[in-house]
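None of these values were measured; they are calculated from a predicted model. The sequence lines fix the lettering, A, B, ..., with proteins before strands; numbering per chain opens at 1.
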There are 2 protein chains.
Amino acid sequence: MSESSRPQRGENLDTMPKRGKPTLRTIATIAGLAVTTVSRALSDAPQISLETRQRVHRIAREIGYLPDRAAQRLKTGRTNVIAILLDSHEEVVGFSTSIMYGIAKALKETSYHLVVAPNFLSTTNVEAAEYIIRNHLADGLIFTRTEPLDARVRLLLETGFPFICHGRTEFSTPHPYVDYDNFTFAYEATRRLIAKGRRKVTVILPPKRLTFCQHILHGFMTAVREAGIAYEIPEAVDLDTPADLLRDFISARAAALEAPDGFICPGEVSALAAISGMSDAGRTLATDYDIVAKETSRLLTQLQPKVDTIHEDLTAAGEDLGRMLLQRINNPDVADLHLLLPPQINFPIG
Amino acid sequence: MSESSRPQRGENLDTMPKRGKPTLRTIATIAGLAVTTVSRALSDAPQISLETRQRVHRIAREIGYLPDRAAQRLKTGRTNVIAILLDSHEEVVGFSTSIMYGIAKALKETSYHLVVAPNFLSTTNVEAAEYIIRNHLADGLIFTRTEPLDARVRLLLETGFPFICHGRTEFSTPHPYVDYDNFTFAYEATRRLIAKGRRKVTVILPPKRLTFCQHILHGFMTAVREAGIAYEIPEAVDLDTPADLLRDFISARAAALEAPDGFICPGEVSALAAISGMSDAGRTLATDYDIVAKETSRLLTQLQPKVDTIHEDLTAAGEDLGRMLLQRINNPDVADLHLLLPPQINFPIG
DNA sequence: GTCAAAATTTAAAACGTTTTCATTCGTCGA
DNA sequence: TCGACGAATGAAAACGTTTTAAATTTTGAC
């Protein structure tokens, strides 16, 4: 104990009443330990005795110590930040919000933060990823709405930067992902409509460039072909179409000849638009037509009569994304990190 | 030049092919200068000769030098990050997106980044702000949708943390803000409807807890009282009501007795919902009723017949927010930093 | 009791930058 | 010619943490 008590609170806090933020040194001085020991104790290193560890933790809590993330980052090279990418013009609608909520839950007890990286000034969705990597703004990346040949996936695989996405690309390049089994969703949804006696089915598809559009189409077509039933696939609208336009489209379609009497709606907004549109055309749910919808919140449970739903738990998906990305960051050579989440079917299947 | 060339690239890069990221030292070695000089040259300090400054900049560009933000932050205490807060359950719809775009533009040529701070795990919207301050995750905060007694504003004023918000609180506590003149918007919009010969006007208000709801109501009521005209204020819906519910509400209202024939829609979604709803009830725009809408994108310019619009440039507001926040950060005692943006009226006023 | 091994703790260097203070070098007035 | 001055550059400390290597204390076997 030579000169451990330097005049730390001298005349140098006249600039701001910043109350000399506590550091490891503060704790060390109070506890009569070395900074090293305090650091180790706080990070629960094995070689520290239980007693010191507890004492250090207690002091830290009492004086409200928070580690300086800049110093940690400088030393370790890790930012303790996970970023989620937003497409150039994607808006954070309920979809991403639920996923973010799940990610935030997965990060809750860790030292990691979630930041949302908007991508407003660049034209391609890969530029935001490049920017993050170049400036080392995060330790890992999450993004959604993958395409079969996704430029982001390619870039990240090339640079070896940790990432995981919600959705898959084509199968030739394996990469970490969490995806929902949209094939089964569409297959079971279609079979349900058929089982209910519907004779012409249709599906509101996602935008064609997205991978999961293929999955839904595949599941739909498989069930349609097995049953040899009539179907139609709207070209003018998709899941990203604004709700009123969708409503008007469906209303117009219902008034025409050979209108469909069974709808697959892989999203709540499209389901509500379909109900409104059919209602505009004088059709009654359950009597004149049926819907099977994908539900991600509890929006549809209010409806009377009830529509058949298949649940997709986006919050759970977000938790998996967060958990698996951390796994990937801390152990770069875990092989083949992926997960396919099963649909949760809310009606009897036979 | 004693021993400036240490064996920097020894055996220590076997962990990762990280290509020894260039640092100030790298540049210094190449240029035959001291690290100090390089640092000064890059930050354009006055005492560096023009020649050295240019040379250093050139080398930095050539080897792709990027400053280590963690080191900068550790040394200066500044994070070079601006955060925009999202409400607990607010979704980033077109509204926030435009503002973020403007902020990003204002930050473009500076060293600042914009990050979006979601607030999913806390229940009140003030917790996200607290979290950011405690962990010093940003140098300044931006948020929107202020309330008359806004807990975030109070917290930030108390702690002296730099912030600026889009929208005002009550007038008793001055604080930095950028706001749109919603009084004038509503006043002129109402007068326009009256000038067009409408005899019963109505307005879709924002949620009552938000400050700018009062401003719109005030402008509306002022014009209504001046003209002594009939009016009504819907209680069951507001600007946050989902579009189909709004449409159905308006359609139902149009069918009833003494329905309004003039609508103030302070948002594009509500304007479209009003048109659809009136159309459902068999009413024709411009013939049976008129609308004055606030437009923030170019969504409404497509419509036939045209609706009268008053423009609010959210991107410009974002730019002002970013610019003024930087001003506030770099000079904490600028007094009374605020801006009231005038409506841009797209019809002849008389 | 002694000595080596194990269990703890510590000193010091390092991460990459900024900043304070000192140094060099030419230039100019006397 | 001398010293002083200003311009330009440099050396070294510091920010708060982690980590390597070393020092100290404790333990256990003989």
Side-chain angles (χ1 to χ4, degrees), chain A residues 1-4 6-8 10 12-13 15 18 20-29 31-56 60 63 65-80 111 135-136, chain B residues 1-4 6-8 10-13 15-16 18 20-29 31-56 60 63 65-80 111 135-136:
Chain A
M1 266 177 238
S2 50
E3 41 153 82
S4 58
R6 297 192 197 171
Q8 201 172 345
N12 58 344
L13 42 75
T15 48
K18 236 185 169 182
K21 220 182 52 163
T23 116
L24 286 186
R25 266 261 297 279
T26 321
I27 302 181
T29 312
L33 288 169
V35 175
T36 314
T37 312
V38 176
S39 170
R40 289 226 183 81
L42 286 177
S43 58
D44 291 320
Q47 66 237 68
I48 300 296
S49 73
L50 183 65
E51 191 229 325
T52 357
R53 198 199 325 262
Q54 289 176 336
R55 194 157 57 96
V56 167
I63 68 177
Y65 167 79
L66 284 177
D68 183 313
R69 309 193 78 97
Q72 287 182 315
R73 173 175 167 185
L74 175 59
K75 190 60 195 155
T76 64
R78 270 178 278 112
T79 63
N80 280 290
S111 59
N135 291 65
H136 205 285
Chain B
M1 266 176 238
S2 49
E3 39 153 81
S4 58
R6 296 191 197 171
Q8 201 173 346
E11 298 295 296
N12 59 345
L13 41 75
T15 49
M16 261 256 233
K18 237 185 168 181
K21 222 183 53 165
T23 117
L24 285 187
R25 266 261 296 276
T26 320
I27 301 180
T29 312
L33 290 168
V35 175
T36 313
T37 312
V38 175
S39 170
R40 288 222 185 83
L42 286 178
S43 58
D44 292 319
Q47 64 237 78
I48 301 295
S49 74
L50 183 63
E51 192 228 326
T52 339
R53 197 197 326 257
Q54 288 176 337
R55 195 158 57 95
V56 168
I63 67 176
Y65 167 79
L66 284 176
D68 183 311
R69 310 192 78 99
Q72 287 182 315
R73 174 175 166 185
L74 175 59
K75 191 58 193 156
T76 64
R78 271 179 274 112
T79 63
N80 281 289
S111 58
N135 291 65
H136 205 282

Walk me through it: do A/Val38 and A/Arg25 pass the test side chain to side chain contact (heavy atoms under 4.5 Å, CB included)?
CA-CA 8 Å; A/Val38 176; A/Arg25 266 261 297 279; over 6 Å; no

Take B/Leu50 and B/Arg53 through the test side chain to side chain contact (heavy atoms under 4.5 Å, CB included) and record every step on the way to the result.
CA-CA 5 Å; B/Leu50 183 63; B/Arg53 197 197 326 257; 4.2 Å; yes

Residues A/Arg78, A/Arg73; criterion side chain to side chain contact (heavy atoms under 4.5 Å, CB included); working and verdict
CA-CA 5 Å; A/Arg78 270 178 278 112; A/Arg73 173 175 167 185; over 6 Å; no

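Minimum heavy-atom separation, A/Ala28 to A/Ala34: CB-C, 4.0 Å. The minimum heavy-atom distance between A/Ala70 and B/Leu74, with the atom names listed, is CB-N, 3.8 Å.
Rounding to whole angstrom units, CG of residue A/Leu33 and P of C/dA11 are separated by 11 Å.
Each of A/Leu33, A/Val35, A/Val56 was scored for a side chain to side chain contact (heavy atoms under 4.5 Å, CB included) with A/Ile27, with one residue passing: A/Val56.
Looking at residues 48-56 of chain A, you'll see that no heavy atom sits under 4.0 Å from any atom of DNA chain D.
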Spell out protein contact along nucleotides 16-21 of chain D as letters: B when the base is contacted, S when just the sugar-phosphate is, - when no protein heavy atom is under 4.0 Å; keep the 5' to 3' order.
BBBBBB

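Remark: B/Asn135 pairs with A/Leu66, A/Arg69, A/His113, B/Tyr131, B/Leu137 by the side chain to side chain contact (heavy atoms under 4.5 Å, CB included) rule, at least two apart or across chains.
Here A/Leu24 contributes atom CG and A/Tyr65 contributes atom OH; the two are 3.5 Å apart, rounded to the nearest 0.5 Å.
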